[in-house]
Amino acid sequence: MNIIFFGSDDFAEAHLKSLFDGGHKVVACVTQPDRPKDRGLKMVVSPIKELALAHHIAVLQPASLKENKEIIAELKAFKPDVFIVVSYGQLLPKEILELPYFGAFNVHPSLLPKYRGAAPINWALINGETQTGVTVIRLNISLDAGDIIKQKAMPIDPEDNAVTLREKLIDLGNEQLKETLKAIDDGMVRLTTQDATKATKAPKLTKEFGKIDWNSSAVDIHNKVRGLQPWPCAYTYYQEKLFKILTSEVIPALNPNHKPGEVLEISKNGILVQTAKEAILIKSVHLENANPMDAHSFTVGHKLQPGFQF
RNA sequence: CGCGGGAUAGAGCAGCCAGGUAGCUCGUCAGGCUCAUAACCUGAAGGUCAACGGUUCAAAUCCGUUUCCCGCAA
């Protein structure tokens with residue numbers, strides 16, 4: 001079975017790696033073009049490209065797939081049976097979806113039809129979901145709306161943040177991908193249409209979204225802290241400087257005669273801050289121009305006192 | 001070479017310009033005092049001054065190179 005893999009980030013990389021490890025016949029990889037990125041605008045090579053080249057497999061890096069006849073011809077030449085698409089970053093147009101004999105399949109880290117879009121893991125945490133999962137779908141032309149082939153749920157641990165949850169979902173995704181390929185091999189694929197009325201969206205995150213509104217509840221803020229790792233992070237400002245909250249905990253506050261955003265208590269455990277509902281304990285922080293540190297160290301150095309208003 | 005900030009004890013910083021014993025505030029630990037402590041008193045631990053090279057009798061400090069970290073931007 002000739003597989004062409006589409007992907008661009010480390011989530012995709014883990015799946016490609018497991019295809020190699022599983023002995024599958026990956027004949028080519030499609031990934032995003034190398035782009036200048038980060039400080040100094042260094043050229044960043046997609047991890048997919050490196051992995052593919054290490055396995056001596058062709059790498060295609062089209063800027064766009066839309067009306068790109070060259071790419072269609074190139075893909076066709078590999079005589080693909082399936083496309084595996086994992087966080088590729090672009091929609092595949094109809095004429096490309098039609099190329100592989102069995103179709104194009106996508107591993108998506110949410111329980112579709114919930115959380116269609118670019119940041120499903122983050123949004124599940126932001127919304128305080130207690131479970132999530134991985135869904136394998138057969139791609140059609142709309143975003144994450146194809147028929148479901150495999151789906152498996154898993155609980156979200158209250159301690160999970162977007163980084164740890166992502167790792168768990170990579171494992172689950174690999175498992176589901178393996179089963180999907182086996183089902184295709186065995187001719188045992190069963191498709192289930194998504195219930196479009198239950199669809200929700202998980203759009204790309206923005207920097208602005210990470211800004212904390214102290215007039216929201218402690219639970220909401222805590223979920224932002226968990227869900228916005230490692231970027232953009234839930235943040236506020238301290239002396240005009242960006243102040244990211246890395247870890248936190250919701251503390252039931254019994255007597256909130258304080259304004260939201262007010263520091264209630266400083267202790268070794270961290271900084272206790274009033275919110276609109278209950279209080280939140282800030283446990284570790286990351287101030288602009290400094291290394292991340294636990295909240296206690298921060299309060300000692302900055303002489304933060306109860307009564308301070310964020 | 002996209003723009004800018006930074007690295008000195010666990011944290012926050014001073015010292016650098018003008019070279020001469022590694023300092024301050026806080027935290028930590030131990031002891032004391034106290035009905036009591038985020039108070040007070042006494043003491044202790046904790047450093048490759050990011051790294052390498054140069055200048056010098058002498059470098060945290062002056063000169064050069066490198067590494068790492070942070071914000072913006074994408």
Side-chain angles (χ1 to χ4, degrees), chain A residues 6-13 30-50 61-66 87-91 117-119 121-122 161-163 166 202-213 221 224-225 227-249 251 253-258 261-274 279-310:
Chain A
F6 291 65
S8 57
D9 64 5
D10 58 307
F11 191 89
E13 181 194 14
V30 183
T31 189
Q32 301 290 334
D34 301 342
R35 291 205 177 94
K37 219 182 149 186
D38 297 326
R39 293 181 199 107
L41 296 183
K42 286 171 280 199
M43 283 302 272
V44 171
V45 175
S46 146
I48 297 295
K49 182 177 179 179
E50 289 189 27
Q61 296 181 283
S64 170
L65 296 175
K66 280 182 194 167
S87 57
Y88 173 57
Q90 280 188 46
L91 285 176
I121 302 170
N122 306 89
N161 63 35
V163 174
R166 184 183 170 89
K204 205 160 80 173
L205 301 172
T206 63
K207 172 79 190 267
E208 177 58 25
F209 183 72
K211 189 169 180 181
I212 290 172
D213 175 8
I221 294 172
K224 261 194 183 182
V225 170
L228 298 182
Q229 298 281 351
W231 184 90
C233 285
Y235 63 89
T236 184
Y237 289 91
Y238 176 81
Q239 293 175 350
E240 315 272 314
K241 282 186 181 172
L242 192 67
F243 181 82
K244 291 179 179 174
I245 297 175
L246 300 181
T247 55
S248 61
E249 187 181 334
I251 304 291
L254 301 175
N255 182 23
N257 283 331
H258 298 274
E262 183 179 339
V263 174
L264 300 176
E265 191 183 313
I266 303 291
S267 72
K268 282 188 184 178
N269 296 327
I271 307 165
L272 191 65
V273 182
Q274 180 65 44
I280 190 162
L281 180 67
I282 300 171
K283 293 160 88 169
S284 63
V285 303
H286 189 172
L287 186 69
E288 178 178 333
N289 265 329
N291 288 318
M293 69 183 82
D294 62 90
H296 182 239
S297 295
F298 176 84
T299 57
V300 165
H302 288 270
K303 302 188 189 350
L304 192 66
Q305 295 294 324
F308 179 84
Q309 190 73 34
F310 275 113

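Below, chains carry the letters A, B, ... as their sequence lines are ordered, and counting in each starts from 1. It should be emphasised that the depicted structure is a prediction, and the values quoted were computed from it without experimental measurement.
Residue A:Phe243 contributes atom CZ, which lies 15 Å from atom C1' of B:C70 at whole-angstrom precision. Atom pair A:Lys37:NZ and B:G71:C1' shows a separation of 17 Å (rounding to whole Å applied). Separating the CD atom of A:Glu288 from the C1' atom of B:A73 is a distance of 14 Å, rounded to the nearest angstrom. Whole-Å rounding puts the A:Lys241 NZ to B:C13 C1' distance at 11 Å. One can place CE of A:Met293 at 11 Å from C1' of B:C70, the figure rounded to the nearest angstrom. Rounded to an integer number of Å, the gap from NZ of A:Lys204 to P of B:A74 is 11 Å. If you measure from atom OH of A:Tyr235 to atom C1' of B:C70, you get 16 Å, rounded to the nearest angstrom. For the pair A:Asp38 CG and B:C68 P, the interatomic distance rounds to 13 Å; values are reported in whole Å.
When only modelled atom types and interatomic distance are considered, A:Ser8 and A:Ser46 share no side-chain donor-acceptor pair under 3.5 Å.
Using P as the reference atom, B:C26 and B:U65 are 41 Å apart when rounded to the nearest Å. Using atom P as the reference point in both B:A60 and B:C68, the two lie 24 Å apart (nearest Å). Between B:U61 and B:G23, the two C1' atoms lie 14 Å apart (nearest whole Å). For the C1' atom pair drawn from B:G19 and B:U66, the interatomic distance equals 24 Å after rounding to whole Å. Taking the P atoms as reference points, B:A45 lies 15 Å from B:G10, given to the whole Å. For the C1' atoms, the distance from B:A9 to B:A14 is 14 Å, rounded to whole Å. Taking the P atoms as reference points, B:C29 lies 13 Å from B:A39, given to the whole Å. The gap from the P atom of B:C63 to that of B:G20 amounts to 15 Å, rounded to the nearest Å.
A:Lys211 contributes no side-chain N or O that, together with a main-chain N or O of A:Tyr237, makes up a donor-acceptor pair within less than 3.5 Å.
Taken from NE2 in A:His286 to OH in A:Tyr235, the straight-line distance is 14.5 Å, to the nearest 0.5 Å.
For the pair A:Tyr238 and A:Val285, the minimum side-chain heavy-atom distance is 4.5 Å or more. The closest side-chain heavy-atom distance from A:Asn269 to A:Glu249 is not below 4.5 Å.
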Can you give the dot-bracket line for RNA chain B, where a pair is Watson-Crick or G-U wobble with both atom distances under 3.5 Å, crossing pairs use [ ], and | marks a partner on another strand?
-> .(((((((.[[[[.)....(..]]]].(((((.......))))).....[[[[[..)....]]]]]))))))..

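Nearest heavy-atom pair, A:Ile266 versus A:Leu304, reported as atom, atom and distance to 0.1 Å: CG1-O, 3.7 Å.
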What pairs of nitrogen or oxygen atoms, one from the protein and one from nucleotides 3-8 of chain B, lie under 3.5 Å apart?
from, atom 1, to, atom 2, distance (Å)
B:G5, O2', A:Asn289, ND2, 3.1
B:G5, N2, A:Asn289, OD1, 3.2
B:G5, N3, A:Asn289, OD1, 2.9

Kindly give the atom pairs (protein nitrogen or oxygen, nucleotide nitrogen or oxygen) under 3.5 Å for nucleotides 36-40 of chain B.
from, atom 1, to, atom 2, distance (Å)
B:A38, N1, A:Ile266, O, 3.3

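A residue-by-residue look at A:Leu287 and A:Lys303 shows that A:Lys303 has its nearest nucleotide of RNA chain B further toward the 5' end.
Contact annotation for A:Leu41: base contact, defined as any heavy-atom pair under 4.0 Å involving a base atom. Within 4.0 Å of A:Asp294, counting heavy atoms only, lies no atom of the nucleic acid at all.
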